[in-house]
Each structure stands twice: as C-alpha cells, then as structure tokens.
2 protein chains.
Amino acid sequence: MRHDSLADKNCAVARTWSIIGERWTMLILREFFRGEHRFDPIARKLGLGRSVLTDRLRMLVDEGILERRHYDSVPDRLDYHLTNKGEDLYTLLVAVIEWGDKWVVDEPPVTLTHKKCGHQPHLSLHCEHCETELTRRDIHAEFAPDAW
Amino acid sequence: MRHDSLADKNCAVARTWSIIGERWTMLILREFFRGEHRFDPIARKLGLGRSVLTDRLRMLVDEGILERRHYDSVPDRLDYHLTNKGEDLYTLLVAVIEWGDKWVVDEPPVTLTHKKCGHQPHLSLHCEHCETELTRRDIHAEFAPDAW
DNA sequence: CAGTATCCTCGAGGATACTG
DNA sequence: CAGTATCCTCGAGGATACTG
C-alpha cells in the first residue's frame, strides 16, 4: 500500500499522521510556536534542505495550518503564521514535550510555566461530567461502522 | 544534516520525533492501544511491507516502548505488549485523535467514553496550582542554556 | 505464525548555486 | 530574504516467495 492512501482512510489518526507524521513537520511547527515566522531562520536553525522546507511550508499552507502574509512596507519579506487549526496543534506539541521530558531526555531542555503563578501546567485526560482525571483503563473506544 | 542527528539534540521534541515521527510508527502503536498484540493481524490490517513492520517492532522494542513475550504453551506464538513507557504515549494518541476529529474528519470514526458515566473525556492543559484550564497564551516557555 | 530473504523502484531530501 | 533550479545519492519501503 502506498503511504499516500492513509489520507483517504476514515480514521483521525491516519489522516492526521499523513500531515504531521513526517520527519520534519513537527519540528517546523515547533519553530512557529516558539515565535519564529520566517523562512531563513528556520532553514538555518533546523539545518534541513531549503527545498524540503519550501515543500513543507507549501503543504502546511495547503492544509490550512499556516498562512502566508506579505508585508507591503518590506517587499521581500514574507511571514508565515499559524491559523486556528495550526494553533490547535499546541496540545499535541505539549503531549510530545511531556512524554519526551519524562522518557527520553535527562534534564528538561524546556520548562513551561503558567505566566500568572509560575507553576507548571500539565496535560490531563479529564471527564467533564465526573470532574475526575482519567487513565487509559477508564476509557472505552467505540468505532463507527465505516471506521478504518 | 542527516535526520538521524535529531536523536542527539537536547530537545524533547526532536528526540521523541526521531522515534515516532515516521509514517507508520503511530499507526502501529494505535493497533496496540486497540488491543492487538501480534504480527500478522497488524501487517494485514495496515497493509504495510512485512519487512517494515519487522523493523519498526524491533525499533520499538529497542526503545523500550514494546516488549516481546513468548508463550511456552504455544511455541510459534509471540506477543508484543506496551511497556509503561509505551502506555504513556496514550495522551499523545488522544491528542492526535482529538485534533483529527476536530479538523480533518467529518464524523468522528472513534468515540471515546468514560466507562463509568458514558460521557466523553477531553484533554486539557491545566495548572494544578490555580486549578484552571490554560491556553497557549497563558504559558511561558523557558529554555535551558544547552537546549537545542 | 512471525518472521527472513531478495530484489527493485522511486522519491525524499541533501548540497550548492543562482535569482528577483 | 524567500525562495527556485539542478543534480545526485541512498535508503525507505513495496512485492513476493520462502522457512522453522
């Protein structure tokens, strides 16, 4: 099976992974969450081929995750910005950071803090009805008839 | 830069992505979270090359995400199981499902419910100290001196 | 059943120079 | 500065048959 066909499956994981499940995509997105917006700094920082970055940015714009903005005042300058769809990947990024901090790095290279109180935020799986934190064991998965 | 070198960066995202940021890995892991444990069913379901699956399983075992178990009673049968490190990727998987449900599929192919009450669980970024839910704007990121 | 062995293709992506 | 153009390599992964 060609990998491309993942995009056609009726499965949120397969479809999402066909977008972000690639070597560079998540690292490019992280630069945007860090506050970077431009081509050259990202290319230099990540050290990836310029044509690869061109391609990924185009794909992310096509997917509606980034949008391009021209600056009339500075003609050659072009900025990319996260759309709401892109911003919404923040939770996923935090999940990656939390897992990585716990299991694959020694000292956390990045520390997240709540601006107001200085304490650390955490992701939790939470039942709004019961107001309790849940683990995998508390959860049942039900598949639609046409789910992949 | 070779992609392999991501594993050496002092960055939780880069290191985590060097493990799971690959076309098939997350989908293979999803099968385990679904309750699958064996080679052939996964190979058939995902339709990927058998040698690729062999390779990924070996990698996931090396990384301590899966472990192999032999069954003395059934000699040819071999099961793979998620370790604690692997189980802990559940949050990340839910983040993928939630984002995918919201942005890339129409009807959610999978519905998660809290076994006890039947309501749906949600991921939230949460400050334990303030007991409030946070968004990206509420959070400050601080980088260690040697962070990538 | 859980692989291994073999062969093959094609495209991802690195390197570098150039451009409006 | 944000690309495009060009060239090249190499390895990912598909297909298929075989094995203890």
Side-chain angles (χ1 to χ4, degrees), chain A residues 1-9 14 17-29 31-32 35-63 66-81, chain B residues 1-9 14 17-29 31-32 35-63 66-81:
Chain A
M1 181 173 66
R2 321 297 301 301
H3 176 259
D4 314 7
S5 58
L6 290 178
D8 304 326
K9 304 287 182 188
W17 221 245
S18 78
I19 301 171
I20 65 166
E22 181 276 331
R23 305 180 141 74
W24 290 111
T25 311
M26 204 63 199
L27 291 160
I28 293 168
L29 287 171
E31 294 305 311
F32 286 95
E36 195 51 74
H37 298 281
R38 288 170 304 144
F39 189 95
D40 269 25
I42 296 176
R44 243 175 291 129
K45 168 74 184 298
L46 297 181
L48 82 176
R50 298 176 74 79
S51 43
V52 178
L53 183 55
T54 301
D55 184 74
R56 287 306 168 282
L57 290 173
R58 199 195 318 269
M59 182 272 287
L60 289 167
V61 169
D62 285 350
E63 291 290 343
L66 295 176
E67 64 182 20
R68 296 176 69 161
R69 290 193 203 151
H70 281 284
Y71 279 80
D72 294 341
S73 49
V74 191
D76 276 349
R77 177 157 162 181
L78 193 56
D79 280 28
Y80 290 87
H81 289 263
Chain B
M1 181 172 64
R2 322 297 300 303
H3 178 259
D4 315 9
S5 58
L6 289 179
D8 304 326
K9 304 286 181 189
W17 221 245
S18 78
I19 301 171
I20 65 166
E22 183 275 332
R23 306 181 141 72
W24 291 112
T25 311
M26 204 64 200
L27 292 161
I28 294 168
L29 286 171
E31 294 305 311
F32 287 94
E36 195 51 74
H37 298 280
R38 287 170 305 143
F39 190 96
D40 267 26
I42 296 176
R44 244 175 291 129
K45 168 72 184 298
L46 296 181
L48 82 176
R50 299 175 73 79
S51 44
V52 178
L53 183 54
T54 301
D55 184 74
R56 287 305 170 282
L57 290 173
R58 199 195 317 270
M59 183 272 287
L60 290 167
V61 168
D62 285 349
E63 292 290 344
L66 296 176
E67 64 181 21
R68 296 176 67 159
R69 289 194 205 151
H70 281 283
Y71 278 79
D72 293 342
S73 50
V74 191
D76 276 350
R77 178 158 162 181
L78 194 57
D79 281 27
Y80 290 86
H81 289 263

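Reminder, nothing fancy here: chain letters follow the sequence lines and each chain counts from 1.
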Original post:
Whole Å only: how far is the CG atom of Asp55(B) from the P atom of dT4(C)?
Top reply: 10 Å
**OP:** To the nearest Å, give me how far apart CZ (Arg38(A)) and P (dC1(D)) are.
**Re:** 6 Å
Subject >> Nucleotide nearest Arg58(A) when distance is taken to its side chain, options dA2(C), dT4(D), dG14(D) >> reply: dT4(D)
Original post:
Nearest of dC1(D), dG3(D), dA2(C) to any side-chain atom of Pro41(B)?
Top reply: dA2(C)
Original post:
Side chain of His37(A), backbone of Tyr80(A): donor and acceptor closer than 3.5 Å?
Top reply: yes
Original post:
Under 4.0 Å between a side-chain N/O of Arg44(B) and OP1 or OP2 of dA2(C), yes or no?
Top reply: no
Original post:
Could you give the CD-to-C1' distance, from Glu22(B) to dA12(D), as a whole number of Å?
Top reply: 9 Å
Original post:
Has Tyr80(B) got a side-chain N or O lying under 4.0 Å from the OP1 or OP2 atom of dG3(C)?
Top reply: yes
Subject >> Closest to the Asp40(B) side chain, choosing from dA12(C), dG14(C), dA2(C) >> reply: dA2(C)
Subject >> hbond_proxy Arg50(B) side chain to dA2(C) base (donor-acceptor, 3.5 Å cutoff) >> reply: yes
Subject >> Residue Ser51(B), side-chain atoms from C-beta onward, closest of dG14(D), dA2(D), dG14(C) >> reply: dG14(D)
Original post:
dG11(C) C1' sits how many Å from Arg23(A) CZ, rounded?
Top reply: 12 Å
Subject >> dC8(C): pairing nucleotide in any strand, Watson-Crick or G-U under 3.5 angstrom >> reply: dG13(D)
**OP:** Output the single nucleotide from dG14(D), dG3(C), dG3(D) whose closest atom is nearest the side chain of Thr54(A).
**Re:** dG3(D)
Original post:
Once you round it to whole Å, what is the distance between P of dG3(D) and CG of Leu57(A)?
Top reply: 7 Å
Subject >> Side chain proximity check, Leu27(B) to Leu48(B), heavy atoms < 4.5 angstrom >> reply: no
Subject >> Side chain Trp24(A), main chain Leu46(A), donor-acceptor under 3.5 Å >> reply: no
Original post:
Starting at CE of Met59(A) and ending at P of dG11(C), how long is that distance when rounded to a whole Å?
Top reply: 17 Å
Original post:
Which base sits across from dT19(C) as a Watson-Crick or G-U pair, both distances under 3.5 Å?
Top reply: dA2(D)
Subject >> Out of dG14(C), dG3(C), dC1(D), whichever nucleotide has its closest atom nearest the side chain of Val52(A) >> reply: dG14(C)
**OP:** Rounded off to whole Å, could you give me the CG-to-P distance for the Leu48(A) and dA2(D) pair?
**Re:** 14 Å
**OP:** Would you mind reporting whether Lys45(B) and Ile42(B) have side-chain heavy atoms less than 4.5 Å apart?
**Re:** no
Original post:
How long is the line joining CG of Leu78(A) and P of dA2(D), in whole Å?
Top reply: 7 Å
Subject >> Nearest heavy atoms of Arg23(B) and Leu6(A), plus distance in Å >> reply: O-CD1, 4.4 Å
